[in-house]
Amino acid sequence: MVFEVPKLKYDYNALEPYIDEQTMRIHHDKHHQAYVDKLNAALDGNTEFRHKSIEALLSNLNVVPESIRTAVRNHGGGHYNHSLFWEMMAPNAGGKPAGDVAAAIENDLGGFDAFKEKFKASGLNQFGSGWAWLVVNKGKLEVAATPNQDNPISQGKVPILGVDVWEHAYYLRYQNKRADYLEQFFNVINWAKVEGLYKKGMQ
Ligand code: MN
């Protein structure tokens, strides 16, 4: 399989003013493309593993040959994380969730406001580069964080919402103010997508 950067389902400027156009262009066209290119290069020539899906690779990193494991973890993770991220955001989105995921946030995390604070803190407290996540773990919602381009899928958890806290995700608009970026991220969360991932994760 040759991995590709998925096309955005909205314009580069559609998430303004929360996520600026220039950040979206560099992030999607340059950063994500680099992860894909390096993932493809790592898998090129490996007859067994080049045909696996990105989910299969990241769910079973321990069976990936040691010579390419770090590349698959980092660049494969970068590809998977960003593919999710573009879809977890949408124009005219944000607000509060509805449906099953809203009920689960109420039951498992003490309600939307408690979740929001915990999620923002998770992103803020991630030292250096990484991601904050809302995951399904054994049928329950949890807030988590991963360093670098690691994904909860490698720990057997299902990511249903994630925010990139690498500086490249926010520095042009927010400079060092990661907390402001995390607050504004709530204006672009695609809760319909999160609901779909939640239902899949509960199956
Ligand atoms: Mn990124």
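Because only heavy atoms are used, hydrogens play no part in the values below, and waters and symmetry mates are left out as well, while side chains stay in. As the structure lists them, so they are numbered: ligands from 1, and atoms in each ligand from 1. By convention here, the first residue in the shown sequence is residue 1.
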Would you say the Mn ion (ligand 1) has His31 as a near neighbour, meaning an N/O/S atom of that residue under 2.8 Å away? no
Do any of the N, O or S atoms of His32 sit under 2.8 Å from the Mn ion (ligand 1)? no
Just wondering, more than 12 heavy atoms not from Arg178 lying within 6.0 Å of its CZ? yes
Over 12 non-hydrogen atoms of neighbours within 6.0 angstrom of CD in Glu183: yes
In Asp164, the N, O or S atom nearest to the Mn ion (ligand 1) is which? OD2
Heavy-atom side-chain contact between Val163 and Tyr181 under 4.5 Å: yes
Taking the Mn ion (ligand 1) as the vertex, how big is the angle to NE2 in His82 and NE2 in His27, rounded to 10°? 90°
Could you tell me whether Lys52 sits above the aromatic face of Phe49, with NZ or CZ closer than 6.0 angstrom to the six-membered ring centre and within 45 degrees of the axis? yes
